[in-house]
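Residue numbering restarts at 1 for every chain, and letters A, B, ... go by the order of the sequence lines.
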2 protein chains.
Amino acid sequence: MTELDRVDRRILNELQADGRMTNAELADRVGLAPTSTSERLKRLQKSGYITGFSARIDPHMVGLGLLVFVEVSLDKTTPDAFDKFSRAVRQSREVLECHMVAGGFDYLVKARVTDMSHYRTFLGDVLLNLPGVSETRTYPVMEEVKPEGPLPI
Amino acid sequence: MTELDRVDRRILNELQADGRMTNAELADRVGLAPTSTSERLKRLQKSGYITGFSARIDPHMVGLGLLVFVEVSLDKTTPDAFDKFSRAVRQSREVLECHMVAGGFDYLVKARVTDMSHYRTFLGDVLLNLPGVSETRTYPVMEEVKPEGPLPI
DNA sequence: GTATTTTCCGGATATTCTACGGGTGCGCTC
DNA sequence: GAGCGCACCCGTAGAATATCCGGAAAATAC
């Protein structure tokens with residue numbers, strides 16, 4: 001697959017907004033026959049543009065009212081610190097995202113917990129328990145100005 | 001709707017993993033008849049647990065290879081600074097998320113751009129152009145250790 | 001114990017999905 | 001220009017699916 005044309009982009013945008021739309025509905029919106037639309041969708045999946053579909057769930061409804069960002073600095077002299085940290089973070093259910101950044105610290109962690117006491121135990125059990133973690137800075141989210149937007153395609 | 005039972009939780013988890021699963025497949029996985037499963041799913045949507053469905057798209061495939069986090073501090077003396085910043089950020093296509101945090105700065109912005117030069121123009125046109133923005137710190141992501149996880153339900 | 005509500009299920013109808021085959025336009029070769 | 005291959009599109013038919021409806025069973029209320 002070489003590149004995306006206007007219809008492909010349209011499909012991606014529509015499915016970002018409503019990923020459970022029927023193929024017939026999608027075909028209407030992009031202006032193609034259902035068959036052609038289905039072929040394009042399958043192609044977009046197989047070529048890796050679409051990696052999957054997921055339900056969006058309201059975190060507050062399931063008792064995850066507190067969103068927290070944590071800046072983590074590692075001690076560079078500790079062997080395997082980065083490896084062990086990566087592994088632990090990937091296994092942690094509370095951690096939604098974790099990125100290695102360039103700048104004043106090493107990792108930026110995005111986690112969801114029920115409340116501050118839950119975060120306290122998470123911080124102690126998961127983050128501070130790891131070897132090589134030298135410093136953490138916690139930023140609780142007071143207001144989610146823009147919760148989660150689609151990719152601009 | 002009062003609370004979630006085991007089956008509801010199962011439905012949420014399955015649909016977080018594959019939101020386009022057919023209702024028949026979902027029924028198999030949760031161990032109910034398709035009709036009952038459909039009723040539960042509809043209830044979960046109407047009561048607000050499920051806010052929608054979306055396709056997961058590989059950012060690199062659509063030319064959004066650079067993920068950036070930006071810490072933004074506002075000048076508290078500028079009138080409407082927070083309002084104007086919120087509005088601008090919600091309209092910006094590059095901004096995927098924006099959160100007002102407690103701690104050393106005011107907003108944490110997550111944005112996706114094609115490359116550094118794109119980010120440079122985004123920073124100048126969107127963020128620094130706003131009244132009341134007193135300071136920004138940019139953290140480019142070098143490695144996405146955990147790109148995006150499901151909510152732990 | 002009875003009534004009410006909730007949850008679940010099966011059957012019938014409508015909608016949708018999914019190969020399959022055919023049509024059209026474009027570029028390439030000869 | 002004729003022939004060919006390719007990419008894209010479409011309609012059709014049988015299979016799979018969703019959805020509506022009525023009723024049974026279990027949980028709950030009184």
Side-chain angles (χ1 to χ4, degrees), chain A residues 1-64 114 148 150-153, chain B residues 1-65 114 150-153:
Chain A
M1 189 172 204
T2 159
E3 200 156 340
L4 298 178
D5 65 4
R6 197 158 301 270
V7 178
D8 291 323
R9 260 178 267 271
R10 188 80 186 276
I11 289 177
L12 294 182
N13 277 321
E14 295 290 345
L15 289 181
Q16 274 196 106
D18 178 7
R20 218 178 153 79
M21 192 185 305
T22 65
N23 183 62
E25 168 84 15
L26 182 62
D28 269 354
R29 288 177 186 258
V30 304
L32 285 187
T35 312
S36 315
T37 309
S38 175
E39 284 174 5
R40 277 178 184 259
L41 172 54
K42 205 167 285 182
R43 186 151 33 96
L44 288 170
Q45 291 185 259
K46 206 167 65 180
S47 54
Y49 286 91
I50 298 177
T51 61
F53 295 87
S54 55
R56 289 191 298 265
I57 294 179
D58 187 336
H60 298 84
M61 296 288 289
V62 293
L64 295 169
T114 65
E148 202 167 344
L151 296 185
I153 300 175
Chain B
M1 188 173 205
T2 160
E3 200 156 339
L4 297 178
D5 65 2
R6 198 157 301 270
V7 178
D8 291 323
R9 261 178 263 273
R10 189 79 187 277
I11 289 177
L12 294 183
N13 277 321
E14 294 290 345
L15 289 181
Q16 274 196 106
D18 179 7
R20 219 177 153 79
M21 193 185 303
T22 65
N23 183 61
E25 168 84 15
L26 182 62
D28 269 354
R29 288 176 186 257
V30 304
L32 286 187
T35 312
S36 316
T37 309
S38 175
E39 284 174 6
R40 278 178 183 259
L41 172 54
K42 206 168 285 181
R43 187 153 31 97
L44 288 170
Q45 292 185 259
K46 207 169 64 183
S47 53
Y49 286 92
I50 299 177
T51 60
F53 295 88
S54 56
R56 290 191 296 266
I57 295 179
D58 187 336
H60 298 85
M61 295 288 287
V62 293
L64 295 169
T114 65
L151 297 185
I153 299 176

Both B/Arg20 and B/Asp5 contact DNA chain C. Taking the nearest nucleotide for each, which residue is further toward the 5' end? B/Asp5

Would you mind reading off the distance between A/Met21 atom CE and C/dT16 atom P, rounded to a whole angstrom? 13 Å

dist A/Ile57:CD1 -> A/Leu64:CG (nearest 0.5 Å) comes out at 10.0 Å

In this structure, how many angstroms lie between the P atom of C/dT16 and the CG atom of A/Leu26, rounded? 13 Å

Side chain of A/Ser36 - closest among D/dT19, D/dC10, C/dC8: D/dC10

Could you state the CD-P distance from A/Glu39 to D/dC6, rounded to the nearest angstrom? 16 Å

Chi angles and distances behind the side chain to side chain contact (heavy atoms under 4.5 Å, CB included) call for B/Leu151, B/Leu12: CA-CA 9 Å; B/Leu151 297 185; B/Leu12 294 183; over 6 Å; no

Between CE on residue A/Met21 and CD on residue A/Glu14, distance to nearest 0.5 Å: 5.0 Å

Length of the line joining A/Asp28:CG and C/dT15:P, which is rounded to integer Å: 14 Å

Any salt bridge between B/Arg29 and B/Glu25, counting N to O under 4.0 Å? yes

Starting at CG of A/Leu41 and ending at P of C/dT16, how long is that distance when rounded to a whole Å? 16 Å

Atom CG of B/Leu4 and atom C1' of C/dT6: how far apart are they, to the nearest Å? 16 Å

OP1 or OP2 of C/dT7 versus the side-chain N and O atoms of B/Lys42: is any pair under 4.0 Å? no

In whole Å, what is the span from the CD atom of B/Glu25 to the P atom of C/dC17? 16 Å

Distance check, rounded to the nearest 0.5 Å: A/Leu32 atom CG versus A/Asn23 atom CG? 10.5 Å

Rounded to whole Å, how long is the line connecting atom CD of A/Gln45 with atom P of C/dC17? 13 Å

Residue met sooner reading DNA chain C from 5', once A/Thr35 and A/Asn23 are mapped to nucleotides: A/Asn23

For DNA chain D, whose closest nucleotide is more 5', that of A/Thr37 or that of B/Pro34? A/Thr37

So if I take every side-chain heavy atom of B/Ala33 and compare against C/dC17, C/dC9, D/dC10, which nucleotide ends up nearest? C/dC9

When you measure from the side chain of B/Leu32, which nucleotide among D/dA18, D/dC9, C/dC9 comes out closest? C/dC9

OP1 or OP2 of C/dT6 sitting under 4.0 Å from any side-chain N/O of B/Arg43? no

